[in-house]
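What follows is a set of notes on a single structure, which appears directly below.
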Amino acid sequence: MAKNYLQKIFSTQSTPQNEPIPGTNQVKNSAGGYVWQIDPWDHLRRFLILGSEGGSYYAKERELTLENATNVARCIESNGLRVVSEVVGISQAGRAPKNDPAIFVLAMCAAFGDNATRQVALAALPQVCRIGTHLFTFAELVQGMRGWGRGLRRAIGQWYTATDAGKLAYQVIKYRQRNGWTHTDTLRLAHPKPQNDDQKAIFNWITKRDQAEWAHADSKPESAALATIWAFERVQRETDIDQVLKLITDYDLPREALPTEWLNQVRVWDALLPHMPMTAMIRNLATMSRVGLLRPGSEAEQLVIERLRDRERLAQARIHPIAVLSAMRVYKLGYSLRGQATSHAEREKQPGWKPSARVLDALDDAFELAFKTVQPANKRMLLALDVSGSMGAGMIAGVPGLTPRDGSAAMALVTMRTEPNYHIVAFQQEIMPLKISAKQRLDNVIQDIRGLPFGGTDCAKPMLYALENRIPVDTFVIYTDSETWYGNIHPFQALKQYRQQMDIPARLVVVGMIANQFTIANPNDKGMLDVVGFDTAAPDLISAFARDEV
Ligand code: CA
């Protein structure tokens with residue numbers, strides 16, 4: 001039946017994406033399409049988890065950061081205490097690939113919040129800034145936002161005084177500087193009063209290293225905390241490898257405490273591995289392979305594989321799936337990205353290693369284990385990956401070469417492995433069937449996605465496709481930046497048509513892959529939800545929403 005000309009021009013059932021749906025408060029996205037503005041708190045969560053490093057297809061890093069900072073400021077103004085609690089919650093649970101956005105927002109709370117917010121933000125410092133590097137980042141950021149008042153000095157001082165001397169000694173030898181900041185700088189600014197003799201000695205060593213005689217003495221101090229620092233000083237001037245190995249083993253010295261010339265020695269890495277923190281182990285798989293420690297069938301390989309499959313260890317160290325994915329990409333190459341080589345051929349000539357399939361499989365498991373445990377929803381799910389041009393630009397969490405497009409495939413894989421009844425497609429302005437399966441390894445899934453052609457963006461396509469093919473779907477999951485503009489019907493309208501014509505109260509989850517302010521989810525429709533890509537809680541939230549428990 002031909003449409004009336006008035007209906008063609010004005011219909012709430014079917015509106016071209018480059019016009020707003022009549023009667024709604026839609027906003028124009030960066031691609032010229034109309035979508036909804038995301039709730040400021042969801043926007044904050046996107047920033048805390050995805051950050052703005054590297055920018056996006058539509059916004060340079062600076063613009064994307066400013067846009068997010070403006071939203072943070074708005075949230076602080078409306079409820080500063082809630083902002084602090086979001087920051088602490090996400091940071092503590094390790095839901096974000098990087099802690100920097102959390103530190104940035106905490107610094108904003110400490111600078112621009114009302115009295116209560118500033119106090120609570122400063123009190124939360126040790127919960128968010130858990131290692132020396134975080135503290136330096138905080139000092140650097142907050143300095144650009146406010147003066148060094150008493151409250152701030154006291155908070156920095158308490159970071160040191162509230163830390164047990166043994167842990168503090170480890171912190172100061174492992175995390176010695178960042179962006180030009182050292183413990184000497186922060187300690188001189190804060191000038192805290194030591195709570196015990198060990199702290200007093202450590203503070204003295206930090207500010208006047210040469211004058212701390214105990215640290216350079218021939219025999220070690222009695223205090224275990226001070227002995228750690230003594231061992232650090234000792235290893236700096238040690239020339240005998242056996243003595244170096246003994247110091248590493250006896251005092252659990254981390255890699256960062258060693259002069260770099262030792263780090264090409266396989267025996268040194270062998271001594272480091274047993275007490276190596278998980279983050280360091282995952283980050284140094286390539287190095288340990290290059291120096292010859294991680295060899296097929298070696299004890300080291302066995303130990304690494306066991307630890308990668310240890311959910312508790314991963315959780316305790318707050319290992320994020322992105323860290324695992326990033327390590328997998330470097331390790332899989334088989335040659336070091338560092339050094340002078342610029343071409344593939346030159347790199348191949350550098351000392352390399354043969355990536356072990358067992359380690360890659362273990363990394364694949366670690367990736368999945370690093371997400372919060374997911375209970376399957378047992379619903380019919382259609383997973384739809386936006387593979388349009390904009391999803392192929394920018395990077396996730398500052399990992400070079402990891403695009404939102406790759407990221408969405410990785411996210412979808414977690415749900416594919418949980419849900420018994422899923423169907424997966426990719427789309428840009430057209431639907432593209434995908435051959436990837438839940439049994440495939442992560443790196444291969446990403447490889448497959450890379451081969452797909454780019455195109456315009458039509459986020460209504462998944463619903464139209466399911467309707468056209470009479471595919472029963474309880475929950476659509478769309479991984480996108482919500483920069484949709486191409487189609488003649490809005491995603492929300494396509495979902496409504498799907499619900500009516502299929503007689504299924506289908507839901508839709510938008511997995512936001514960029515920290516922008518747009519969403520295709522209508523905030524007034526209870527059947528639509530926004531979650532954040534690479535939130536370790538996202539697969540669980542998707543499943544809970546599909547079960548009608550969110
Ligand atoms: Ca796009």
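Just so you know, ligand 1 is whichever comes first in the structure, and atom 1 is the first atom listed for that ligand.
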Identify the residue among Arg441, Arg417, Lys439 that makes a salt bridge (Lys or Arg N to Asp or Glu O under 4.0 Å) with Asp364. Arg417

So what's near the Ca ion (ligand 1), protein N, O or S atoms under 3.0 Å? Ser388 OG, Ser390 OG, Thr457 OG1

Output for pair (Glu468 CD, Lys461 NZ), nearest 0.5 Å, gives 8.5 Å

N-O pairing of Arg45 and Asp530 below 4.0 Å: no

In this structure, are over 12 heavy atoms from other groups packed under 6.0 Å from Lys60 atom NZ? no

Would you call Met463 and Pro491 a side-chain contact if the rule is heavy atoms closer than 4.5 Å? yes

For Arg46, is there an ion pair with Asp535 - N to carboxylate O distance below 4.0 angstrom? no

